[in-house]
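Here is how names work: the chains are called A, B, and so on, in the same order as the sequence lines, proteins then strands, and each is numbered from 1.
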2 protein chains.
Amino acid sequence: MWLRVDTRSHTPMYQQIIDGVKEQIARGNLKPGDRMMPVRELATTLSLNHNTVAKAYQELEREQVIELIRGRGTFVSSQSEVIDSENRKRELRDAMKKWLVDAHHLQMSEEEIMSMFHAVVVELREGKGGDML
Amino acid sequence: MWLRVDTRSHTPMYQQIIDGVKEQIARGNLKPGDRMMPVRELATTLSLNHNTVAKAYQELEREQVIELIRGRGTFVSSQSEVIDSENRKRELRDAMKKWLVDAHHLQMSEEEIMSMFHAVVVELREGKGGDML
DNA sequence: TGATTGTACTATATTGTATAGTACAATCAG
DNA sequence: CTGATTGTACTATACAATATAGTACAATCA
């Protein structure tokens with residue numbers, strides 16, 4: 001079906017859910033208005049506690065990626081974000097810097113870095129067959 | 001002088017030290033053979049416990065970025081890494097994917113993404129005036 | 001009404017992070 | 001050799017983040 005979490009990973013499970021949902025939206029596998037799995041159902045599917053899933057969903061709502069409606073369910077937001085974009089772009093820029101520093105430490109040339117960058121761009125642009133959600 | 005840590009940040013202080021040292025090496029402000037601050041001195045400078053700094057240094061040594069010599073001090077490694085590069089490149093690729101998904105969620109166009117990417121590359125290439133170390 | 005769904009608690013356990021203090025070992029300058 | 005410096009290695013402690021478990025409540029809808 002869809003999302004997988006890695007229990008052994010160092011990144012928290014609720015964070016993995018957040019990342020996975022965002023990725024599926026980015027891939028177009030989840031579209032605005034789509035209804036998502038209920039917290040309890042996703043929890044049992046992933047062998048997690050429903051509170052953990054709820055935490056992920058609530059963070060996604062805080063970021064305006066999804067909308068939580070009690071009694072009805074969870075839906076992908078129609079205008080996923082827009083807000084807060086300046087702050088988040090600054091964070092993005094910092095993340096990119098850190099990424100490049102690590103790449104430099106791997107002695108990657110600018111050409112190597114560029115080609116890896118483009119490869120991932122292409123993978124995301126056409127690869128609907130993701131392995132996450 | 002050099003490195004700063006943000007106590008309120010969610011990223012661990014020892015991790016901030018690791019990132020900062022790597023960045024300074026990437027910038028060329030720290031060169032192979034350079035002697036680094038002793039753990040106790042850096043600890044008091046940053047108002048941290050010496051064990052926290054030692055942990056950061058030991059992780060940097062594990063990654064072969066620096067060399068720790070008891071009684072003498074800490075030195076930037078002459079051949080900083082090379083090892084383990086395949087695994088680390090895979091991690092890098094994953095990080096890049098996550099980054100691009102986030103960028104997509106900020107509704108950044110490929111052109112915007114590219115220009116941010118290049119801006120950071122240039123900043124790292126010529127910007128000796130970093131604010132970290 | 002009854003099932004489903006999100007929400008909100010409390011309690012508990014585990015892990016990562018960081019501090020504090022102490023002690024030891026290797027190195028080097030004097 | 002002495003003494004200071006430096007990295008290393010413990011123990012103990014505290015705190016926060018993460019996750020589980022269980023329960024209960026509120027809104028929605030068939």
Assert: residue with more 5' nearest nucleotide on DNA chain D, out of A/T52 and B/H50, is B/H50
Please give, in whole Å, the distance from [N] [atom2] to [X] [atom1]?
X     : N      : atom1 : atom2 : answer
A/R8  : C/dG16 : CZ    : P     : 15 Å
A/Q15 : C/dG16 : CD    : C1'   : 16 Å
A/L46 : D/dA19 : CG    : P     : 12 Å
B/Q16 : C/dG16 : CD    : C1'   : 15 Å
B/N51 : D/dT13 : CG    : P     : 16 Å
A/L48 : D/dA21 : CG    : C1'   : 13 Å
A/L60 : C/dT7  : CG    : C1'   : 16 Å
B/I66 : D/dT8  : CD1   : C1'   : 14 Å

Could you give the distance from CG (B/N49) to CE (B/M13), rounded to the nearest 0.5 Å?
-> 9.5 Å
What distance separates B/I18 CD1 from B/K55 NZ, expressed to the nearest 0.5 Å?
-> 8.5 Å
May I ask you to test the [X]-[Y] pair for a side-chain heavy-atom distance under 4.5 Å?
X      : Y     : answer
A/E63  : A/E59 : yes
A/M36  : A/E41 : no
B/L46  : B/R4  : no
A/V101 : B/D19 : no

The complete set of salt bridge (Lys or Arg N to Asp or Glu O under 4.0 Å) pairs with one or both residues in residues 104-120 of chain A, sequence neighbours excluded, reads A/E110-B/R125, A/E112-B/K89
Between the protein and nucleotides 1-6 of chain D, are there any N/O to N/O pairs under 3.5 Å, and if so, what are the atom names and distances?
residue	atom	partner	partner atom	Å
D/dT6	O2	B/G71	N	3.4

What's touching nucleotides 16-18 of chain D from the protein side, N or O pairs under 3.5 Å?
residue	atom	partner	partner atom	Å
D/dT18	OP1	A/Y14	OH	3.1
D/dT18	OP2	A/Y14	OH	3.0

If one requires at least 3 consecutive Watson-Crick or G-U pairs with distances under 3.5 Å, the stems of DNA chain D turn out to be C:1-30 with D:1-30
Step by step, work out the side chain to side chain contact (heavy atoms under 4.5 Å, CB included) result for B/K98 and B/R93.
-> CA-CA 9 Å; B/K98 189 166 176 308; B/R93 204 188 154 89; over 6 Å; no
So does A/Q58 get a side-chain nitrogen or oxygen closer than 4.0 Å to the phosphate oxygens (OP1/OP2) of C/dG6?
-> no
Backbone of A/K31 reached by a side-chain donor or acceptor of A/D34 within 3.5 Å = yes
Quick one: label B/S47 by what it contacts on the DNA or RNA (base, sugar-phosphate, nothing), any heavy atom closer than 4.0 Å.
-> sugar-phosphate
Residue list, side chain to side chain contact (heavy atoms under 4.5 Å, CB included) with A/R72, at least two apart or on another chain | A/I69, A/F75
Hits for ring pair (Phe, Tyr, Trp, His ring centres under 6.0 Å) against A/Y14, two or more places apart or cross-chain, chain-then-number order -> none
